[in-house]
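Proteins come first, then strands; the chains are lettered A, B, ... in the order of their sequence lines, and each starts at number 1.
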Number of protein chains: 2
Amino acid sequence: MLQTFFMPENEQFQRLKAYYMQLLPTLTEENWKVTEQVLKVRSFKKGELIVKEGHVCNNVSFINKGLVKMYFMVNGKEKIIGFCNELNYICDYQSFLTRKPANSFVQALENTEVVETSFDDLQMIYEKVPEANKLGRKIAEGLFLEMCEANHAQANETIIQRYRKVISDHPWLMQRVPQYMIASYLGITPEALSRIKSRVHNKKKSLVVI
Amino acid sequence: MLQTFFMPENEQFQRLKAYYMQLLPTLTEENWKVTEQVLKVRSFKKGELIVKEGHVCNNVSFINKGLVKMYFMVNGKEKIIGFCNELNYICDYQSFLTRKPANSFVQALENTEVVETSFDDLQMIYEKVPEANKLGRKIAEGLFLEMCEANHAQANETIIQRYRKVISDHPWLMQRVPQYMIASYLGITPEALSRIKSRVHNKKKSLVVI
DNA sequence: AAAACTTCTTAACCCAAATCAATAATATTC
DNA sequence: GAATATTATTGATTTGGGTTAAGAAGTTTT
């Protein structure tokens, strides 16, 4: 990569640093240095697996660039539970925290570059940098809140509402992933989503119906 | 209550202390004292609401004794999202963390005694007792893991599997709550659960089927 | 013990989405 | 640009759970 020549050595970590600073404005330069030392950049080609079912997930990975999907295999079919793009963490946090084999997969949908922190390194950071626990707490709390939202939507909204929310909240998603993956994410078959789309579309043509 | 006469003043906090010690074995007596000072014991009669939709949830409540249900109202019907009994925390943690009005209710299903910590007190503890952040992180991580499990079950298991899991994981639940609440918790109508039960039962009678 | 209420079961019918199957529209490869 | 995959649509049929309704079983009240 010629570009690296023009970058300061740690350019690849700047986005992660900004993310940390946002969650923990009191983070000192000194403590960032400790954290920075353990970071590793890693690249995945489109289609490569970042997390594999049956293997313990050993890293939290901050996505610098790219797009991934997280899914389970259930009865030989994949059930997508989420997409994750730039400036977000991807991890089977369940496996990561419990140190048990993951029951999910994470696959790169585009060529993807991540910044990894290993489990052991993170524990070391929690010991050496006490305020990192605050960061860890906020990240866990954030994941918890995200999951609350998702759960609530899953339980209390119709599929049409959820479909509308997906396309309004993440318009880029429609451009970057095929529709059958959106269907899997919504928990329905591609056929059902196709029918819903045409239903929504026809309503628009005829009359204004919420 | 005459009993209180025979107890040391903080007897009611011992269970919570044990819970903390289990999550954070390094907790010092000194730090526990800081924590203990802000705790409040509160009792709810069967039927009383501990968390109300529309009100910010201002406490995390550790259940000393009793049983509660947490639920949403959706189209005038209640959708139970969980039960919580002795030695567990009950809280609309989403409302608690975001400081926004809760969209859930928590109601005592039996006379219930809780030990409360208010939001402000907890923030104070996070400041005064740095290691409390570690505790807070672990609690948030624990809630996250719980929610992962629930989500995974919801998405990937049949209702029959989930029904079986409920009765094997929490046999006490069947004794302490009516069946229609279990149905709501499973996300189906009481009628459907009744049908499923008879289906499961008939299978047992005829042949060994999974 | 009778009355009133709550909870559970069973049956008939309905509907949304799954499944199965065929075809159409797009993308990708050669 | 023809051939081949991949993705999306549409139709016919099946199915699991919702809804409605009625009755049975179990509790509580009086």
Side-chain angles (χ1 to χ4, degrees), chain A residues 45-47 67 69 71-80 83 107-111 153-164 166-167 173-205 209-210, chain B residues 45-47 67 69 71-80 83 107-111 153-164 166-167 173-205 209-210:
Chain A
K45 288 254 160 67
K46 176 175 176 172
L67 176 63
K69 71 176 173 192
Y71 61 99
F72 297 112
M73 289 306 294
V74 43
N75 304 330
K77 289 171 189 164
E78 61 177 63
K79 166 75 184 86
I80 295 177
F83 302 95
Q107 187 185 36
L109 294 177
E110 302 172 355
N111 294 337
Q154 180 84 29
N156 301 326
E157 288 173 17
T158 68
I159 285 176
I160 294 186
Q161 288 174 311
R162 286 167 52 221
Y163 170 67
R164 289 210 165 109
V166 169
I167 57 178
L173 202 61
M174 309 301 285
Q175 313 307 319
R176 289 168 81 175
V177 312
Q179 183 175 303
Y180 71 88
M181 289 190 188
I182 312 267
S184 172
Y185 176 57
L186 290 172
I188 57 177
T189 58
E191 294 93 328
L193 179 53
S194 181
R195 277 188 267 255
I196 284 164
K197 273 177 66 178
S198 73
R199 227 159 72 208
V200 170
H201 203 246
N202 289 335
K203 275 195 188 166
K204 273 189 193 157
K205 262 196 263 180
V209 184
I210 299 285
Chain B
K45 287 254 162 66
K46 176 175 177 173
L67 175 64
K69 71 177 176 194
Y71 60 99
F72 296 113
M73 289 306 295
V74 42
N75 303 330
K77 288 172 190 164
E78 61 177 64
K79 165 78 183 84
I80 296 177
F83 301 94
Q107 187 185 35
L109 294 177
E110 302 172 356
N111 293 338
Q154 181 85 27
N156 300 327
E157 289 172 17
T158 67
I159 286 175
I160 294 186
Q161 288 174 311
R162 286 168 51 223
Y163 171 65
R164 287 209 167 110
V166 168
I167 57 178
L173 203 60
M174 308 300 285
Q175 312 308 319
R176 288 168 81 175
V177 313
Q179 184 174 301
Y180 71 87
M181 287 190 190
I182 310 267
S184 172
Y185 176 57
L186 290 172
I188 57 177
T189 58
E191 294 90 332
L193 179 53
S194 185
R195 277 189 285 237
I196 285 162
K197 272 179 66 179
S198 72
R199 227 159 71 208
V200 169
H201 203 248
N202 288 336
K203 276 195 188 169
K204 274 190 193 158
K205 262 196 265 181
V209 184
I210 305 279

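For K77(A) and dC20(C), the NZ to C1' distance is 11 Å, given to the nearest whole Å. For the pair I196(A) CD1 and dT10(D) P, the interatomic distance rounds to 13 Å; values are reported in whole Å. Protein atom OH of Y180(B) is 17 Å distant from nucleotide atom P of dG18(D), rounded to whole Å. Remark: P of dT7(D) and NZ of K197(A) are 14 Å apart, rounded to the nearest angstrom. Rounded to a whole Å, the OH atom of Y163(A) is 14 Å from the P atom of dA17(C). Residue R195(A) contributes atom CZ, which lies 8 Å from atom C1' of dG11(D) at whole-angstrom precision. In this entry the distance linking CE of M174(B) with C1' of dC8(C) reads 12 Å, nearest Å. At whole-Å resolution of the value, CG in N75(A) and P in dA18(C) are 14 Å apart.
A heavy-atom distance below 4.5 Å is found between the side chains of V177(B) and L67(B). Considering only heavy atoms from C-beta on, M181(A) stays 4.5 Å or farther from Y71(A) through its side chain. Side-chain contact between Q179(B) and L193(B) is present, with at least one heavy-atom pair separated by less than 4.5 Å. Contact check for I196(B) versus I188(B): side-chain heavy atoms found under the 4.5 Å cut-off.
The NZ atom of K69(B) sits 5.0 Å away from the CD1 atom of I80(B) when rounded to the nearest 0.5 Å. The OH atom of Y163(B) lies 15.5 Å from the CD atom of E157(B); values are rounded to the nearest 0.5 Å. Once rounded to the nearest 0.5 Å, the distance linking CG of L186(A) with CD1 of I159(A) reads 7.0 Å.
Residues S184(A) and E78(A) come closest through the heavy atom pair OG-O, 3.2 Å. Summarising the geometry of R162(B) relative to A153(B), their closest heavy-atom pair is CD-O, 3.3 Å, with the distance given to 0.1 Å. Heavy atoms only, all atoms of each residue included: G47(B) and Q107(B) are closest at O-NE2, 2.9 Å.
Nucleic acid contact class of I159(B) (heavy atoms, under 4.0 Å, all strands): sugar-phosphate only.
Bending across the helix from dA1(C)-dT30(D) to dC30(C)-dG1(D), expressed as the angle between its end axes from five pairs apiece, amounts to 40° (10° rounding).
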* Take nucleotides 23-30 of chain C nucleotide by nucleotide from the 5' end and write B, S or -, depending on whether a protein heavy atom sits under 4.0 Å from the base, only from the sugar-phosphate, or from neither. => --------
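In the region residues 182-192 of chain A, proximity to DNA chain C at under 4.0 angstrom, judged on heavy atoms, holds for G187(A), I188(A), T189(A), E191(A), A192(A).
Within the structure, a side-chain polar atom (N or O) of Q179(A) is placed less than 4.0 Å from OP1 or OP2 of dT9(D).
With respect to E110(B), the salt bridge (charged side-chain N to carboxylate O under 4.0 Å, His left out) criterion is satisfied by exactly one of K45(B), R176(B), K46(B): R176(B).
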